[in-house]
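Below you'll find the structure, written out as structure tokens, and then a few comments.
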Protein chains: 2
Amino acid sequence: MTYENLDAKLVNALLGDGRASLRSLAEELDVSVTTISNHLSDLEEQGVIQGYSPIVDYDALEYDVTAIIQLKVEGNALPDITETLKEHRQMISVYEVTGDYDVIAVGKFRDTDGMNDQIKALLTDPDIKESNTSVVLNAVTENEQFKLDIEQ
Amino acid sequence: MTYENLDAKLVNALLGDGRASLRSLAEELDVSVTTISNHLSDLEEQGVIQGYSPIVDYDALEYDVTAIIQLKVEGNALPDITETLKEHRQMISVYEVTGDYDVIAVGKFRDTDGMNDQIKALLTDPDIKESNTSVVLNAVTENEQFKLDIEQ
DNA sequence: CATCGAGATTTTCGTACGTCATCACGCTCA
DNA sequence: TGAGCGTGATGACGTACGAAAATCTCGATG
């Protein structure tokens, strides 16, 4: 097994259970606990693994509405706009993109009223030339982290 | 402290560090280890916490291209299309939405060639009436899970 | 109708025990 | 020569269990 292979397998194992103990990981990958510990530290230091998080079901917590907001922005205002969006904690993802629009953002809200209020407040910015909001009817998959290829 | 309050604080603490030990969580929230253990089990059983995951930096792993794909679909083919997208493991999120398009999906690819191949393959489906792909220039924030309100 | 209180239920706690993570060390193998 | 291994020592960890505390239930009472 190559070094990189073990790293990829380790990441994949953690993607399966982010709270798995080093011992169980060692058993699963058939290497020693020491090796797991060393590789995991390396992955964290390299920034491949940036941290750990519970997978929270916001639907179960009464954040029922997800919306995808697309914006056309005055060219030089793009950094300001994305920074503003980023500071809204309910914005899950904010992307600067190519194509018809300049920014695509995904946000979660308690209800349609909460969504309306926040989006209307956002759109008062004069640097926003055009906007387009899609409300999510069904999140088929969301924020799914995929497992890495294992080279044989 | 109300029951719900402790649960929200526990989720928030885990959002800060998803591998935090029960003891450190107990100390942070000023309750016993047993209480943390019980509440955490409950949150997991209720589905509020659906699991745990490392936060993987795909950029560091040579998945450099993120694309947002929007599709207009023949009405009755929507479930098939979303299911197909879901099965592509590199699709991070797949949403059925209101608005101009019927489906919005976010995918990650090794490079633009890989992206092109996969998207072209997808678009051969005759039930897709129209598509629009935006390439992400800059992921300002991505898949950020936000902390819960704590009712006082 | 508001209040009380005994009993049941739920929630929290402390303890104890077996397991785990970490670190340093020297060894093995290719 | 460096990646991986095993060992041993130490402190931290997770879990089970019974006891204690808090909360809820609901009929009785003034």
Side-chain angles (χ1 to χ4, degrees), chain A residues 1-63 145 147-152, chain B residues 1-63 145 147-152:
Chain A
M1 189 189 307
T2 67
Y3 180 87
E4 293 78 13
N5 232 339
L6 178 58
D7 283 350
K9 285 185 179 177
L10 180 51
V11 170
N12 285 350
L14 282 166
L15 285 169
D17 176 8
R19 272 178 87 86
S21 70
L22 301 191
R23 276 179 151 71
S24 64
L25 293 167
E27 193 171 343
E28 182 178 346
L29 303 186
D30 203 26
V31 296
S32 73
V33 175
T34 312
T35 303
I36 293 290
S37 178
N38 291 339
H39 279 253
L40 194 50
S41 302
D42 290 346
L43 286 168
E44 289 168 358
E45 277 168 22
Q46 291 161 19
V48 173
I49 294 177
Q50 304 209 313
Y52 301 88
S53 175
I55 301 164
V56 175
D57 180 355
Y58 286 96
D59 272 6
L61 292 166
E62 317 296 332
Y63 285 84
Q145 298 200 68
K147 300 200 173 183
L148 308 180
D149 295 318
I150 308 287
E151 291 143 29
Q152 296 303 335
Chain B
M1 188 189 305
T2 67
Y3 179 86
E4 293 79 11
N5 231 340
L6 179 59
D7 283 351
K9 286 183 179 178
L10 180 52
V11 170
N12 285 351
L14 281 167
L15 285 170
D17 176 8
R19 270 178 89 86
S21 70
L22 301 190
R23 278 176 154 75
S24 63
L25 293 167
E27 193 171 344
E28 182 178 345
L29 303 187
D30 202 28
V31 295
S32 73
V33 174
T34 313
T35 301
I36 293 291
S37 176
N38 290 340
H39 279 255
L40 197 49
S41 301
D42 290 347
L43 285 167
E44 289 167 357
E45 276 169 21
Q46 292 160 19
V48 174
I49 293 177
Q50 303 210 313
Y52 302 87
S53 176
I55 300 165
V56 176
D57 180 356
Y58 286 97
D59 272 6
L61 291 166
E62 317 296 331
Y63 285 84
Q145 299 199 71
K147 299 197 175 184
L148 308 180
D149 295 318
I150 308 288
E151 291 144 29
Q152 297 302 336

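In what follows, every chain begins at residue 1, and chains take the letters A, B, ... in the order their sequences are listed.
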Q: Could you tell me whether a side-chain N or O of A:Gln145 sits under 3.5 Å from a main-chain N or O of B:Ser53, the two making a donor and an acceptor?
A: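 Not at all, since once roles are kept as given, no pair shorter than 3.5 Å links the two residues.
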
[N] [atom2] sits how many Å from [X] [atom1], rounded?
X       : N      : atom1 : atom2 : answer
A:Leu40 : C:dT22 : CG    : P     : 8 Å
A:Lys9  : D:dG4  : NZ    : P     : 12 Å
B:Glu27 : C:dG14 : CD    : P     : 13 Å
B:Glu44 : D:dG14 : CD    : C1'   : 13 Å
A:Glu28 : C:dC20 : CD    : P     : 15 Å
A:Leu6  : D:dG2  : CG    : C1'   : 15 Å
B:Asp30 : C:dT12 : CG    : P     : 13 Å
B:Leu22 : C:dC13 : CG    : P     : 14 Å

(Q) Can you tell me which residue among B:Val11, B:Leu22, B:Thr35 is in a side-chain contact (heavy atoms from CB on, under 4.5 Å) with B:Leu40? (A)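 Answer after filtering B:Val11, B:Leu22, B:Thr35: B:Leu22.
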
(Q) Which residue is it: A:Val48, A:Leu29, A:Val31, A:Asp42? I am looking for the one with a side-chain contact (heavy atoms from CB on, under 4.5 Å) to A:Leu10. (A)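 Testing A:Leu10 for a side-chain contact (heavy atoms from CB on, under 4.5 Å) against A:Val48, A:Leu29, A:Val31, A:Asp42 leaves exactly one candidate, A:Leu29.
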
Q.
So if I take every side-chain heavy atom of A:Ser37 and compare against D:dC5, C:dT22, C:dC13, which nucleotide ends up nearest?
A.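 For A:Ser37, the side-chain atoms sit closest to C:dT22.
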
Q) Where the side chain of B:Arg23 is concerned, which of D:dC13, C:dA21, C:dC13 is the nearest nucleotide? A)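 Within the option list, the nearest is D:dC13.
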
Q.
Can you tell me whether the side chain of B:Thr34 and the base of C:dG14 have a donor-acceptor pair closer than 3.5 Å?
A.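 For B:Thr34, whose side chain was compared with the base of C:dG14, there is a donor-acceptor pair (under 3.5 Å).
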
Taking only the side-chain nitrogens and oxygens of [X], find out if one of them lies under 4.0 Å from OP1 or OP2 of [N].
X       : N      : result
A:Ser21 : C:dA21 : yes
A:Ser32 : D:dC5  : yes
A:His39 : D:dA3  : no

Q. A:Leu14 versus B:Arg19: any side-chain heavy-atom pair under 4.5 Å?
A.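 The answer is yes, as the side chains (C-beta and beyond) meet within the 4.5 Å cut-off.
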
**Q.** Flag side-chain contact, heavy atom, 4.5 Å: A:Asn12 against A:Leu15
**A.**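 Contact flag for A:Asn12/A:Leu15 side chains = yes.
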
Q: Would you classify A:Asn38 as touching base, sugar-phosphate or nothing, given that sugar-phosphate means primed atoms plus P, OP1 and OP2, and contacts are heavy atoms under 4.0 Å?
A: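 Nothing, no nucleic acid heavy atom in range.
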
